[in-house]
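All values derive from a computational prediction rather than experimental measurement. By convention here, the first residue in the shown sequence is residue 1.
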Amino acid sequence: MGRSVQQISDRVCLFASQDTWIEGAAIQQLTKTAELASMHRVAGMPDLHPGRGYPIGAAFFSLDRLYPALVGNDIGCGMALWQTTTKVAKVNVDKFAKRLEDIEQPLDASWQETIQAEMTHRDISAGLFESALGTIGGGNHFAEFQAVERVYNEAAFTALGLDKKYLQLLVHSGSRGLGQAILVDHVARFNHDGLVAEAAQGSESSRYLARHDEAVRWAELNRFLIAKRFLAAIRSDGECTLDVNHNLVCPKVIDGRAGWLHRKGATPSDKGAVVIPGSRGDYSYLVQPLNNAPALTASLYSLAHGAGRKWKRGDCQSRLSHKYKREDLYRTALGSRVICSNKELLYDEAPQAYKKCETIVSDLVDAGLIEVVAILRPVLTFKTNGSCSS
């Protein structure tokens, strides 16, 4: 599986080369999580970084117990890629930026028919944080228009229905306050303890899973509405190429044993092609998971979900403000533009705060997990002025 696989213990595997910097606290959290009751194996991705007690960028496989705290508060968070009907050659970034400046508002009455129809279709209860639908949230969430920079696998690229002449839209968001409310309720009742997995209707685990599954559907609807409103804002249309969640728990058989696969900032490798995004000033990678049985099992059928942080949020402004004025951060080295009215978030999500996405992807290629289909270049990145964890 290449030099990018480190077997830390019999239950802990890290998919990163020795050259990929990973904070020691993240590896400690990964190792500690492997000691939880009923935990069978854990796998850290090359974008691994410390979280609130548990690492982000990892997958966890337990046998007869599931852990809501491992999924976290942003249940169903994921990436959706849409191909627009706007040709890259026709893009006017200044015009787009002006149309998007104030877009992060609750959807108005004109969207209600669409919202209600989609909620019914997706089996989502009315009133569940409905006012937040169509909004991105803070933290590392974003909507980014992208251009196809280079195609490496033309057949795979075309099979996805993609055309490099057209502008792409990548949406990263989750279940907003709904996921937060579900986790807060669980922690208030059970602290960070796991739940014994019971199939019986009305059991605590079945109750959590029902709410969890609805939050996943809510997050998917949220990304759909975000994409639709961004396309409408630039007077375009589009089609969804892929939509993959990276914060969730699901039943899975691994090593011949049935259990529960938790992903926290880990993209599934068993759902087809996925996008691994860089920072707003870096390339994103469209990749195809490989059918490599040993690597798939060792990685718990998971991949990195992004570039991975180098610096903690809250430290970035002090690290960067003496080098960069606020105005400097609205343009990137790749020539793209950034929309973000929150000064702290502008610094916290600066490209310098993240690892190079090429390093992350190279580790996954070396581990035999993926092949690169195409590289996507940022054109215009929208970051909200709100606050929400990643």
If you apply the rule side-chain contact (heavy atoms from CB on, under 4.5 Å), what do you find for L169 with I234, and how did you get there?
CA-CA 11 Å; L169 171 61; I234 67 166; over 6 Å; no
Check step by step if side-chain contact (heavy atoms from CB on, under 4.5 Å) holds for L364 and V287.
CA-CA 10 Å; L364 297 176; V287 306; over 6 Å; no
Trace of the side-chain contact (heavy atoms from CB on, under 4.5 Å) decision for L209 with L66
CA-CA 10 Å; L209 286 171; L66 57 92; 3.9 Å; yes
Test M119 against E130 for side-chain contact (heavy atoms from CB on, under 4.5 Å), laying out the working first.
CA-CA 10 Å; M119 290 181 78; E130 191 174 329; 4.1 Å; yes
Checking D163 against K165 for the salt bridge (Lys or Arg N to Asp or Glu O under 4.0 Å) test, could you report, in this order, the C-alpha distance in whole Å, the side-chain angles of both residues, the deciding distance, and whether it holds?
CA-CA 5 Å; D163 187 327; K165 295 193 299 290; 2.9 Å; yes
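H141 places no side-chain N or O within 3.5 Å of a backbone atom of S173 that could act as its donor or acceptor partner. Remark: the backbone N or O of I75 is paired with a side-chain donor or acceptor of S175 at under 3.5 angstrom. For the pair N92 (side chain) and K95 (backbone), a donor-acceptor distance under 3.5 Å is present. Here the side chain of Q146 pairs no donor or acceptor atom with the backbone of S284 at under 3.5 angstrom. At distances below 3.5 Å, not a single donor-acceptor pair connects side-chain atoms of Q83 with backbone N or O atoms of T241. Judged purely by atom type and a 3.5 angstrom limit, R217 uses its side chain to pair as donor or acceptor with the backbone of D123. A donor-acceptor pair is defined here as one N or O able to donate and one able to accept, closer than 3.5 Å; such a pair exists between the side chain of S205 and the backbone of E198. Side chain of N247 to backbone of K264: no donor-acceptor contact under 3.5 angstrom is found. In this structure a side-chain-to-backbone donor-acceptor pair under 3.5 Å is present from R11 to A34. Of the possible donor and acceptor atoms, none in the side chain of D363 sits under 3.5 Å from a partner among the backbone N and O of P46.
Checked for salt-bridge contact, E35 and K32 meet the test: a charged N lies under 4.0 Å from a carboxylate O. Ionic pairing of R65 and D193 is not present here: no N-O contact between side-chain nitrogen and carboxylate oxygen is shorter than 4.0 angstrom. Between D185 and R207 there is a salt bridge, since at least one side-chain N of the basic residue sits less than 4.0 Å from a carboxylate O of the acidic one. In summary, D243 and R122 do not engage in a salt bridge, as defined by a charged side-chain N under 4.0 Å from a carboxylate O. Salt-bridge annotation for K355 and D47: absent, with no side-chain N of the basic residue lying under 4.0 Å from a carboxylate O of the acidic one.
Judged purely by distance below 3.5 Å, without hydrogens or angles, the side chains of S110 and D108 pair a donor atom with an acceptor atom. At a cut-off of 3.5 Å, with distance as the only test, a side-chain donor of R223 or N245 sits close to an acceptor on the other residue. One side chain, T20 or S17, offers a donor N or O that lies under 3.5 Å from an acceptor on the other.
Linking Ile, Leu, Val, Met, Phe, Trp and Tyr residues whenever their side-chain heavy atoms come within less than 4.5 Å places L160 and V372 in a single cluster. The hydrophobic clustering, which links ILVMFWY residues whose side-chain heavy atoms are closer than 4.5 Å, places V361 and I22 apart. Under the 4.5 Å side-chain contact rule for hydrophobic residues, V216 and V171 share a cluster. Hydrophobic clustering (side-chain heavy atoms under 4.5 Å, transitive across Ile, Leu, Val, Met, Phe, Trp, Tyr) keeps I360 apart from Y285.
Closest non-hydrogen pair, R263 versus L300, comes out as NH2-O, 3.9 Å. Considering every non-hydrogen atom in both A266 and S302, the closest pair reads CB-CB, 4.0 Å. Minimum interatomic distance between A26 and P50 (heavy atoms only, all atoms of both residues): CB-N, 3.6 Å. In terms of heavy-atom proximity, L167 sits nearest to V88 at N-CG2, 3.7 Å. The minimum heavy-atom distance between A97 and L380, with the atom names listed, is N-CD2, 3.9 Å. Scanning both residues, A219 and G76, for their nearest heavy atoms gives CB-O, 3.3 Å.
With sequence neighbours left out, the ring-ring contact (aromatic ring centres under 6.0 Å, His included) criterion links F230 to F382.
Note on ring orientation: taking the six-membered ring where Trp is involved, the planes of F96 and F145 are tilted (angle from 30° to 60°). Aromatic ring pairs are classed by plane angle as parallel below 30°, tilted from 30° to 60° and perpendicular above 60°; the pair F61 and H40 is perpendicular. H186 and Y208 have tilted rings, their planes meeting at an angle from 30° to 60° on a 0 to 90° scale. Aromatic ring pairs are classed by plane angle as parallel below 30°, tilted from 30° to 60° and perpendicular above 60°; the pair F224 and W82 is tilted.
Geometric assessment of K252 against the ring of Y301 yields a positive cation-pi assignment under the 6.0 Å and 45° thresholds. The cationic atom of R377 (NZ for Lys, CZ for Arg) does not lie both less than 6.0 Å from the six-membered ring centre of Y283 and within 45° of the ring axis.
The CZ atom of R176 sits 8.5 Å away from the CG atom of D74 when rounded to the nearest 0.5 Å.
Among E349, E104, E144, the one residue that satisfies the salt bridge (Lys or Arg N to Asp or Glu O under 4.0 Å) test with K383 is E349.
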